[in-house]
Amino acid sequence: MAIDLGSTWCKAGYFDTEWHLLASGRAFSRFGLGYGANEAEMERVWSALCTAVRAANQALDDQPRPEAIALSCRGGSGVWLAADLRVLPVPSFELAAAEVQVTINELYEQPIWGDAGPFAYGYAPAAIGRSVWLRRHEPEIWAQAARSGSLHDWILLRLTGVWVTDPASGAGGYPWPEAALNLAGLPADAFPESQPQEQIAGWLIDDAACDLDLPSGIPVVVGCHDGVAANIGTGVVQSGDACITLGSNLVVRAVTGERLPDCFGYPILQDRWAWVRGVHGIAAQIDAIVGVLDGGGDPVAPERHATLTAAAEALDTLPDELEMPTLPRGFDEERRQQAREALAAGFSPGQIYRATLESAANSIAELVNLARYDGADCRRYVVTGAAAANDLLLRLLGAVLDAPIEIGDNEAGLRGAAVLAALGAGLFPDSDHAIATMVPPGRIIAASPDERAALNRSRRRSMTDTSAAPGDAARRRVM
């Protein structure tokens, strides 16, 4: 069984020994935990996971007992637990996001990371920085903290009773650095131990089994960050490969093999790292624009995107004066205003939607340019995520990258978690054998010459000069 807790949907699925997805279930999970969480929010996440698993169970003919369970989980949220494992509330984190980021940035500049440097520790500077901020600004809450980890770690604890993490969700596979932990004021064992992602973490405990409607005692592997699962589930694990997630966020994970020393990234497999950057919140922004264009509001079903895509595909080109630039996360209302102003100026919904897709494609191209500048050799591009079903977007992306695009499994996160479950169950000798067997090649799509020519206009207009400040360490950090 594979579970993929993403930023929009939590999905669960069963794979057979031919590696077909036999049955699946899903539950909506687009509720942000920000920089921290409280018990009610975490229970909401757990409820979504249980709903997805139970739906997958019901889709099977027989009562399921999988050989192993693996979790793929979105990152980004800090979780603090009391000694009794109660989730501590940190409501001020969402309001103080900028202050927290300043604290995290301070940690990057301090000589507390040894010879490896802060980027070797992946998300650790962010995780420790949040604890430092909590200690400074919420001393009463911090005084109760006995454990600090990520959403992945809390879910795994809920499943197995074991406090461990995977290399990408934790400190990049390194031990948590003692000098950095001293700033947080928490003992080393407050942070979860990093273990190989295919290793069995523990066995499904009775309470979790009851919630999931599964037998207890099923092996649960450590699992991974959802970005890692996407790379594994698309077979993007060799140096020169780049996995592009077109989901709640636009993310590029370019496999480098060895770690690039001055850039944010995390390990995809134990011996292979990836350069990682993204544009966060893009799906919500595009949905906001769709709600204005067709008047349907939220939530936005896939068929509404399909209707606008058909109108956009009928266009040969766009007016030079129409621009729909991508904005930072949280600017959904500003994106709605962009759409309202474009409609008022006389542009059609198809034109506005196509300009939005062109902007998204250009944003990805900017990330790829930055990855190349930093030393990642991007030669093969594989896409996954819900928007990978949009052939127009993929052709636009192929045009700005001047390369064919391979379409990976739309449920790459599930398939990647299934690979880890299969490894934990001992069905393969190593990850390369498992991936070669379980991950099929994808369909190739390429832009036409006319589309490449049309995109030259918008690319010249909207792409930023990524070589202007390549040494700026702040922009290389995960935000």
Side-chain angles (χ1 to χ4, degrees), residues 4 6-11 24-32 48 51-52 55 74 244-251 279-319 322-327 329-364 383-398 405 407-413 443 445 451 458:
D4 180 26
S7 298
T8 299
W9 294 97
C10 180
K11 293 157 282 190
S24 63
R26 63 171 53 204
F28 190 69
S29 59
R30 190 188 286 173
F31 25 84
T51 298
R74 73 193 195 205
I244 302 171
T245 294
L246 305 173
S248 301
N249 308 310
L250 296 182
V251 184
V279 179
H280 297 285
I282 190 68
Q285 287 192 22
I286 296 177
D287 281 357
I289 289 172
V290 171
V292 172
L293 296 182
D294 67 8
D298 294 326
V300 177
E303 54 266 24
R304 292 167 63 189
H305 284 278
T307 298
L308 286 165
T309 297
E313 284 191 303
L315 303 170
D316 293 327
T317 187
L318 291 178
L322 176 58
E323 296 186 28
M324 296 292 292
T326 299
L327 299 176
R329 174 169 49 187
F331 281 75
D332 298 358
E333 182 53 39
E334 286 77 4
R335 289 287 261 172
R336 292 186 186 95
Q337 187 59 29
Q338 284 181 351
R340 295 187 195 106
E341 291 175 357
L343 287 172
F347 298 111
S348 71
Q351 288 175 320
I352 297 168
Y353 190 73
R354 179 166 180 138
T356 301
L357 296 186
E358 287 190 5
S359 178
N362 285 328
S363 295
I364 295 170
V383 298
T384 184
N390 189 319
D391 279 8
L392 174 59
L393 174 59
L394 300 190
R395 295 199 306 274
L396 296 174
L397 180 58
I405 303 297
I407 303 174
D409 192 329
N410 189 44
E411 300 295 354
R443 177 169 64 95
I445 192 167
E451 285 169 327
S458 69

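Starting from 1, each residue takes its place in the sequence as its number. Note that this is a predicted model, so its numbers are computed, not measured.
There is a side-chain donor-acceptor pair under 3.5 Å between Glu341 and Gln337.
Shown here are the salt bridge (charged side-chain N to carboxylate O under 4.0 Å, His left out) partners of Asp409, two or more places apart in sequence or in another chain: Arg415.
Residues Arg354 and Leu396 are in side-chain contact: their nearest non-hydrogen atoms beyond the backbone lie under 4.5 Å apart. Side-chain contact check for Met324 versus Arg335: some heavy-atom pair is nearer than 4.5 Å.
Nearest heavy atom pair, residue Ile352 against residue Ala342, reads CD1-CB, 3.5 Å. In terms of heavy atoms, Ala360 sits closest to Thr326 at N-OG1, 4.1 Å. The two residues Ala388 and Val383 come nearest to each other via the heavy atoms CB-CG2, 3.9 Å.
None of Ile289, Val292, Val290 except one satisfies the side-chain contact (heavy atoms from CB on, under 4.5 Å) rule with Arg336; the exception is Val292.
Applying the salt bridge (Lys or Arg N to Asp or Glu O under 4.0 Å) test to every pair with at least one member in residues 304-315, sequence neighbours left out, gives these pairs: Asp294-Arg304, Glu313-Arg395.
Panel note: side chain Thr245, backbone Val251; no donor-acceptor pair is recorded below 3.5 Å. The closest donor-acceptor contact from the side chain of Gln338 to the backbone of Pro325 lies under 3.5 Å.
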Legend entry - side-chain contact (heavy atoms from CB on, under 4.5 Å) assessment of Val300 paired with Ile286: CA-CA 10 Å; Val300 177; Ile286 296 177; over 6 Å; no

Inset, instruction - Any chance you could lay out the side-chain contact (heavy atoms from CB on, under 4.5 Å) test for Arg74 and Ser248, step after step, and finish with the verdict? - result: CA-CA 11 Å; Arg74 73 193 195 205; Ser248 301; over 6 Å; no

